[in-house]
Amino acid sequence: MNMWRQNRAFVGALAMLAVLYITYNFMHPRGFSTAVLVQNANEVVAIAFVAMAQTLPVLLGGLDLSVGAVMTLTACVASVLVNGSPAEILFGMAATLAVGAAFGFMNGVIIVYGRLQPIIATLATGAVALGLALFIRPKPGGDVDGDLNWALTNSLWDLVDTYGLFDPDAAWFQPIAWIPVPLILLFGIAALVWVPFKKSVTGRTVYAIGSAEGAAYMSGLPIDRARIAAFTLGGFLASCGGLYLAIQTSSGNADVMQAGAYTLNSIAAVVLGGTSLLGGAGGAIGSLVGALILRVISFYFRIVSIDPLLQPLIEGLVLLAAVSLGAIRTLRVKNRLELFR
Amino acid sequence: MTKLFSHIKPENRPILIASAFILVILMVGTAFTLSTAGTAPLLSPGYVLQQLQIGSFLGIVAAGMMMVILLGHIDLSVPWTLTAAAMMATAVGGDMAVPTGLAVGLIVGLVNGLGVAYLRIPSMIFTLGVDSVMRGLMVAHTGGFAPQDQATPFMRFLAAEKVLGIPMAIFVWALVSVIITIVLTRTSFGRSIYATGIREGAAYLSGIRTRLVIIGAFMMSGVCAAIAGVLLAGYSAKAYQGMGTPYLLPAIAAVVLGGTRILGGQGRYVGTLVGVILIVLLNSVLSIMQMPEAGRQVIYGSVIIGMLLVYGRGTKVTA
């Protein structure tokens, strides 16, 4: 019962996603096919990673306005480095992720030791990240390894086939051969990075800071370390999004508007996924689900005949309606003072 | 020196440092132009007035944004409120153009205020939603193209003409500034904004109708964005898609650089004024130096961080 109460927002988001996506597949002429799943999976990866990155500052009770810019910066880095021999490709990928983590670390250090509000500090570092991205890629373009692009943006069958790992038509392989690689990457990193972090002392401290920073400090929790770790992990997750975007599009583009759009959508995804903007409650898996919901809504426009000019309006109204669901809480409040937190 | 410094009230310190930094930018820029071209355009009145004319759009947006930030909220719906006001004003045209634009701002502000004050949705996300709804409405209205409607002569007069050698836009900015200053320092509404920003629960128990205060502040922000939109449409002769987007983050930065606390409850309007001038001047010096966009962004971000590290630091957590 307690479990259910704590995760009500997350379970709601999950149910919403399931209903939306299953209905979508029923309405789609080629629904429930690998091709549709692969295409959809490719479109959700970048925003899902950025939304997970945004979750950490939000759990601390802040906001990171630089996640979209860090994603753009790392995509530009990847578009330069991820090509050549297999060793060079691996080095390029590692370097891209390191740039993202380093940028997040820098955010954390500025916020902790500079004692600045995250929202305003990251507003400024976001501009710095975009500037660096423009240095690396003054014009859109790039050269990402073609095999890698094909292998990572299709189903497992294509991954095995591209690199000739083993016979992709082997009987034992068929039950899982249809799974899209992007989804494996997304859920794999969520499971291997986020879940252990959440269970660690540092991760728990992040939640404690978001609930009551003073109490966390008095309990002897390592609040400075947790803050810096949270921003570093945020930078790392944003760079996962950037790396994937670069591999998917085979290019990098220092697009200011795109960076802003990703940042704002990530906030919406975090809220949809049940993380409180006040901090201390929620999680990156929820944000992942929130990002999926945002994208699935936009998928509908392809199969439902709506005037394309009305699409942005409907997207906006759906977003506004979804966040307004949080207002139900105010109807249950008996003491009006509780509203003013 | 430090003794002298400590006599200054904490809320005035950011304003003084930002002003000093403006002088530094002016000196660096002038030194640069003197050494390369042998002239000092930054010190000529004509150039300064032209920069202030361009800066007036940002200044008016920042003035409205400050009302909301003083409450500890934020208004992310500014970009498309500004654009919608400009598009509606040019679409209606005639004598009703400017009132229509301002009405758009008032309505958006009212919706924002209702959502934040009554539905209790964090302003960050609610205004973001309102922004995308406004964008959707404008895409549906214009068909996704730049609207062909021209700005009315009165809008052009307000934004681009000069009176007594001074651009009208600066007079509009000055008028907005005077009104905001009076509201903040001389009215009970202004006092209520500060009180609500410090602790809403305490303000409520003291008999302040905090919900109305929040709605009022958001409506002021909406109207300010609308004024800026109408002026900008007059200045460029027409409205266009995404015209408000470049104003959101600089407006927030200007308010914060001027010493307004991002968590609300503290800040003087003079500071916002100084913050706007600082950002406008920084941009113009960088463009005089023909700094590429990449370097501009890096310097812009570093300056904000650097200045905040000097005076924007919070208190250490102790309990």
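Residue numbers begin at 1 in each chain, while the letters A, B, ... track the order of the sequences.
- Looking at B:V303, neither its backbone nor its side chain comes within 4.5 Å of chain A, counting heavy atoms on both sides.
- Environment of CZ in A:R137: crowded, with over 12 heavy atoms of neighbouring residues, nucleotides or ligands closer than 6.0 Å.
- The number of heavy atoms from other shown groups lying within 6.0 Å of OH (A:Y207) is above 12.
- Shown here for B:P122 and A:L277, the closest heavy-atom pair between the two residues is CB-CD1, 3.5 Å.
- For chain A, the option among B:G301, B:A140, B:A203, B:G242 with the highest count of heavy-atom pairs below 4.5 Å is B:G301.
- Going from atom CD1 of A:I120 over to atom CG of B:L263 covers 10.5 Å, rounded to the nearest 0.5 Å.
- Looking only at heavy-atom pairs under 4.5 Å with chain A, the residue among B:L137, B:I304, B:D131 that has the most is B:L137.
- Residue B:T245 touches chain A through its side chain alone, counting heavy-atom pairs closer than 4.5 Å.
- One finds the CG atom of A:L65 at 8.0 Å from the CG atom of B:L76 (value rounded to the nearest 0.5 Å).
- By number of non-hydrogen pairs under 4.5 angstrom with chain B, the leading residue of A:I110, A:L310, A:L134 is A:L134.
- A distance of 5.0 Å separates CG in B:L128 from CG in A:L264, rounded to the nearest 0.5 Å.
- When all heavy atoms are compared, the tightest approach of A:A124 to B:I305 is CB-CG1, 3.5 Å.
- A:L317 touches chain B through backbone and side chain together, each having a heavy atom under 4.5 Å away.
- By the 4.5 Å heavy-atom criterion applied to side chains, A:L320 and B:F126 are counted as neighbours.
- Of all non-hydrogen atoms in A:L132 and B:V298, the two that sit nearest each other are N-CG2, 3.9 Å.
- From B:I262, atom CD1 reaches atom CG of A:L63 across 10.0 Å, with rounding to the nearest 0.5 Å.
- A heavy-atom distance below 4.5 Å is found between the side chains of B:I74 and A:I119.
- B:A294 and A:F135 make their closest contact through CB-N, 3.7 Å (heavy atoms, listed as atom of the first residue, atom of the second, distance).
- Looking at A:L313 and B:V139, their side chains never come closer than 4.5 Å, going by heavy atoms from C-beta outward.
- The shortest non-hydrogen separation linking B:S132 to A:G316 is OG-CA, 3.5 Å.
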